Amino acid sequence: MKFGIIRERKNPPDRRVVLSPQACQKVLSTFPKARIFVEPSPIRAFDDESYRQLGIPVENTMETCDVLLGVKEVPIDALIPNKKYFFFSHTIKKQPYNRDLLRAILERNIELYDHEVITNPKEQRLVAFGRYAGIVGAYNGFRTYGLKYDLFELPKANALPDQQTLIRELKNITLPNIKILLTGRGRVGNGSREMLDGMGLRRVNVSEYLEENLNEPVYCQIDAGEYNKRKDGVRGNKADFFANPEEYRSNFFRFAKVTDFYIAGHFYGQGAPYLYTREDAKHPDFKIRVVADVSCDIDGPVASTIRPSTIEDPIYGYDPQTENETDYKNPDAIAVMAVDNLPCELPRDASQGFGEAFVKNVIPAFFNGDADGILQRARMTKDGKLTERFKYLSDYVSN
């Protein structure tokens, strides 16, 4: 079985990779029948020489490989027919901008496996970059806070080598006695929490957060059950909320009245109530003035996120009264950090974490007859057709 690590060709450039040199070495030592080739790349977080030093050949021989591993979408003109490809295709939600990509994959008899749908039998995702989005998002949020109020100036995350360096920078800042809210307890939310704990912030419970005036900066991490409640007054729970989101309404405003800085690391499901609306943000009691929206759902549950921002220009201002973009340093503006590709700012750490999960959960499926159905569930196309699980994309492809 020949695996090829392809060069990332999408623009803007992405420096991440599915398998680091160490991950490649682990695959080869665990599975003697595996062979790995690396396509040369001038931008990859691990340079070509770091692969060569561990005996991994760096060659333009992707045509001879069976399985091609990438991160972002492969440009249509770079697709090699009759291969198995792994990458984030951004087609499973019928994204219009990638319709032609999926059509080309079908026309060229490519087997597509999307990282986003690599799951265990319980349909839980097995490989993801969410933790690193949370890590970088929290750091960028503090950087935004410092810039908005001219309190401190942190370097950009992509100028620093790893998570521990980000934490060291955060330990050096001095914060006023602010309240920081973090939503979500999944990969993203817990990635952000690593940063808050790493810099030594005290965590408080919901009642302390809402009711007490504290003489130090603190944070509170909440999940869906704490910022939503059932419309009928019956006590709900997280499982019920995910099963019946339309039966709930937002209970977030009680947090918005005391929060200075908000980190949005939650998962937002179809039919769920918005956390806060544009009308909520107009209310005189709405206190939030800095938002790090890691989840980055545009015109969605976090009303101040009206567009994604970029690594190069990560912050914009939202004027709650006019509902328009403004200077984020304006005292009445909400400063919004809504970079939608945050893991790209920490490419080495993100690649190492992703690769560990890929080696543990996906690579064995090629050598054990796909005993757990990992490949079967993630296979979107085969023999020039959509597989049964992804037949719902038929109208998207043919439209």
Side-chain angles (χ1 to χ4, degrees), residues 124-125 128-145 163 166-167 170-171 173 175-229 235-242 245 248 250-269 272-276 286-297 300-302 304-305 334 336-338 342-343 353:
Q124 297 165 323
R125 286 185 64 183
F129 285 106
R131 176 188 168 214
Y132 299 93
I135 287 168
V136 178
Y139 177 88
N140 283 0
F142 284 105
R143 182 173 180 271
T144 301
Y145 190 92
Q163 180 189 9
L166 300 186
I167 291 173
L170 291 178
K171 282 183 171 180
I173 65 175
L175 290 169
N177 297 339
I178 60 172
K179 288 184 175 180
I180 301 163
L181 185 69
L182 168 61
T183 49
R185 289 198 177 95
R187 286 188 179 93
V188 174
N190 288 336
S192 292
R193 180 181 168 182
E194 287 180 40
M195 302 301 284
L196 302 176
D197 290 341
M199 64 189 289
L201 282 179
R202 183 161 78 90
R203 183 187 183 196
V204 296
N205 63 35
V206 170
S207 60
E208 288 175 301
Y209 189 85
L210 293 176
E211 298 164 13
E212 295 183 16
N213 291 321
L214 302 162
N215 58 2
E216 62 180 316
V218 298
Y219 84 92
C220 182
Q221 184 181 21
I222 61 175
D223 212 347
E226 287 135 333
Y227 58 79
N228 292 296
K229 65 179 182 179
R235 185 179 178 89
N237 56 53
K238 189 175 178 181
D240 181 57
F241 170 73
F242 284 120
Y248 284 74
S250 174
N251 194 25
F252 183 87
F253 195 81
R254 59 186 181 139
F255 293 98
K257 291 196 291 187
V258 299
T259 296
D260 302 284
F261 166 26
Y262 169 42
I263 303 170
H266 57 272
F267 169 78
Y268 177 73
Y274 286 0
L275 281 84
Y276 65 85
F286 188 90
K287 192 182 182 188
I288 298 169
R289 284 297 173 264
V290 175
V291 175
D293 192 349
V294 186
S295 299
C296 198
D297 294 300
V302 177
S304 48
T305 303
I334 299 172
V336 178
M337 189 293 304
L342 288 163

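Just so it is clear, the model here is predicted, and its values are computed rather than measured.
Taking both residues in full, the closest heavy atoms of Pro217 and Pro176 are given as CB-O, 3.4 Å, listed atom of the first, atom of the second, then distance. Between Tyr248 and Gly236, the closest heavy-atom pair is OH-CA, 3.3 Å. The two residues Arg125 and Arg187 have their closest heavy-atom pair at O-NH2, 2.8 Å. Shown here for Pro273 and Pro245, the closest heavy-atom pair between the two residues is CD-O, 3.7 Å. Taking all atoms of both residues into account, the shortest heavy-atom contact from Tyr132 to Gly353 is OH-CA, 3.3 Å. In this structure, Ala133 and Leu342 approach most closely via the heavy-atom pair O-CD1, 3.5 Å.
Counting heavy atoms from C-beta on, the side chains of Val302 and His266 come closer than 4.5 Å. Two residues are said to be in side-chain contact when any heavy atoms from C-beta on lie closer than 4.5 Å; Val206 and Cys220 meet this criterion. Contact check for Ile263 versus Met195: no side-chain heavy atoms found under the 4.5 Å cut-off. The shortest distance between side-chain heavy atoms of Ile178 and Val290 does not fall below 4.5 Å. Here the side chains of Thr183 and Phe255 are not in contact, with every heavy-atom distance at 4.5 Å or above. Met199 is listed as a side-chain neighbour of Ile173, based on a closest heavy-atom distance under 4.5 Å. Phe142 is listed as a side-chain neighbour of Leu196, based on a closest heavy-atom distance under 4.5 Å. Contact of the Gln221 side chain with the Asn190 side chain is registered, since non-hydrogen atoms from C-beta on lie closer than 4.5 Å.
The side-chain hydrogen bond (donor to acceptor under 3.5 Å, both in side chains) test applied to Tyr209 returns Thr259, not counting sequence neighbours. Partners of Glu211 by side-chain hydrogen bond (donor to acceptor under 3.5 Å, both in side chains), not counting sequence neighbours: none found. For Asp297, there are no side-chain hydrogen bond (donor to acceptor under 3.5 Å, both in side chains) partners, not counting sequence neighbours.
The pair Lys287-Asp260 meets the salt-bridge criterion, with a side-chain N (NZ, NE, NH1 or NH2) lying under 4.0 Å from an Asp/Glu carboxylate O.
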**OP:** For Leu214 and Arg202, run side-chain contact (heavy atoms from CB on, under 4.5 Å): C-alpha distance rounded to whole Å, both residues' side-chain angles, the deciding distance at 0.1 Å, then the answer.
**Re:** CA-CA 11 Å; Leu214 302 162; Arg202 183 161 78 90; 3.7 Å; yes
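Ring geometry for Phe267 against Phe242 counts as tilted: the plane angle lies between 30° and 60°, on a 0 to 90° scale.
Between Tyr276 and Phe286, the distance from one ring center to the other falls under 6.0 angstrom. In this structure, Phe261 has its ring center no closer than 6.0 Å to that of Tyr219.
For the pair Glu216 (side chain) and Asn177 (backbone), a donor-acceptor distance under 3.5 Å is absent. In this structure, the side chain of Asp293 engages the main chain of Ser295 through a donor-acceptor pair within 3.5 Å. Using a distance-only test at 3.5 Å, with no hydrogens or angles considered, no donor-acceptor pair links the side chain of Arg203 to the main chain of Asp197. A donor-acceptor contact shorter than 3.5 Å links the side chain of Glu226 to the backbone of Asp223.
Once rounded to the nearest 0.5 Å, the distance linking OG1 of Thr144 with CE of Met337 reads 6.0 Å. Rounding to the nearest 0.5 Å gives a distance of 13.5 Å between CD1 of Ile180 and OH of Tyr262. Separating the OG atom in Ser304 from the CG atom in Leu275 is a distance of 10.5 Å, to the nearest 0.5 Å.
For Asn205, the CG atom counts as densely surrounded, since its 6.0 Å shell holds more than 12 non-hydrogen atoms of other residues, nucleotides or ligands.
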